[in-house]
Amino acid sequence: MMKKLAFAGLAIGICLSAPALALEHEVVIDHPAGPIAADYEGSVRVETRQIGTAGVAGRPSTLRCNWSAALNLERTAKVGETLHSRRVMTSEDVASGSTPGWCKNSDKAIDRLVEARRDSFRSAMLALVDQDRTAILAEAESAFGTGREG
């Protein structure tokens with residue numbers, strides 16, 4: 001019976017969940033065609049992986065739940081009614097860790113650990129926003145033809 005439970009736990013493999021950590025950011029970029037308003041909405045994706053086995057009578061359990069959390073960031077940018085663009089970016093493994101026992105029993109504990117790392121997710125979001133600035137300007141220049149002439 002215990003072996004079946006252990007194999008069932010391993011068969012679960014990777015489970016996904018999304019804690020209630022909401023991240024939002026707004027940026028306005030000056031551009032010759034008009035100000036570019038970019039809105040960012042982030043969400044956290046948690047992946048879990050069950051490792052180890054349940055201990056048989058007299059032996060300790062080696063069950064652990066390894067988890068990692070990634071940041072998904074969706075951007076919507078607008079310049080007036082002319083340019084509307086969307087982009088999705090991801091920052092993998094912003095936070096990770098391990099908890100003892102079954103993954104399905106660790107959801108709330110993992111959510112608390114992710115919430116405790118809110119500053120890490122905020123920093124990762126701001127880094128993606130900074131990297132995205134070049135892409136937004138390139139999209140605007142392509143749409144409005146304000147690039148260099150040569």
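Just so you know, these numbers come straight off a predicted model, no measurement behind them. Residue numbers start at 1 and run along the sequence shown. These values consider heavy atoms only, across backbone and side chains, with no hydrogens, waters or symmetry-generated copies.
Between His31 and Val79, the closest side-chain pair of non-hydrogen atoms is not below 4.5 Å. Using a 4.5 Å heavy-atom cutoff, the side chains of Leu73 and Val88 are not in contact. In this structure, the side chains of His25 and Arg122 come closer than 4.5 Å at one or more pairs of heavy atoms. Residues Leu128 and Tyr40 have side chains not in contact (no heavy-atom distance under 4.5 Å, counting atoms from C-beta outward). Residues Leu71 and Thr90 form no side-chain contact, since every pair of their non-hydrogen atoms from C-beta on lies 4.5 Å or further apart. With a 4.5 Å cut-off on side-chain heavy atoms, Val28 and Ile36 do not count as touching. Counting heavy atoms from C-beta outward, Val94 and Arg117 have side chains that stay 4.5 Å or more apart.
Between Ala69 and Phe121, the closest heavy-atom pair is CB-CZ, 3.5 Å. Residues Arg75 and Ala135 approach most closely at NH2-CB, 4.3 Å, considering heavy atoms. Nearest heavy atoms, Asn66 versus Ser98: OD1-OG, 3.1 Å. For the residue pair Thr48 and Cys103, the shortest heavy atom distance occurs at CB-SG, 3.8 Å. Here the shortest heavy-atom pairing between Pro100 and Ser106 reads O-OG, 3.8 Å.
A salt bridge between Glu47 and Arg45 is present, with a side-chain N of the basic residue lying under 4.0 Å from a carboxylate O of the acidic one. One finds no salt bridge joining Glu41 and Arg87 here, because no Lys/Arg side-chain nitrogen approaches an Asp/Glu carboxylate oxygen to under 4.0 Å.
Atom CG in Asn105 sits 9.5 Å away from atom OG1 in Thr99 (nearest 0.5 Å). Remark: Asp107 CG to Trp102 CH2 distance equals 14.0 Å, nearest 0.5 Å.
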Criterion side chain to side chain contact (heavy atoms under 4.5 Å, CB included) on Thr76 and His84, from CA distance to verdict = CA-CA 7 Å; Thr76 305; His84 292 271; 5.7 Å; no

Residues Ile29, Val27; criterion side chain to side chain contact (heavy atoms under 4.5 Å, CB included); working and verdict | CA-CA 6 Å; Ile29 302 170; Val27 174; 3.7 Å; yes

Side chain to side chain contact (heavy atoms under 4.5 Å, CB included) assessment of Cys65 paired with Ile110 = CA-CA 10 Å; Cys65 180; Ile110 292 170; 4.0 Å; yes

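Checked by atom type, the side-chain pair Ser68/Ser96 shows no donor-acceptor distance below 3.5 Å.
Not one N or O on the side chain of Gln50 forms a donor-acceptor pair closer than 3.5 Å with the backbone of Leu63. Remark: side-chain polar atoms of Ser142 are not paired, donor with acceptor, to backbone N or O of Ala138 under 3.5 angstrom.
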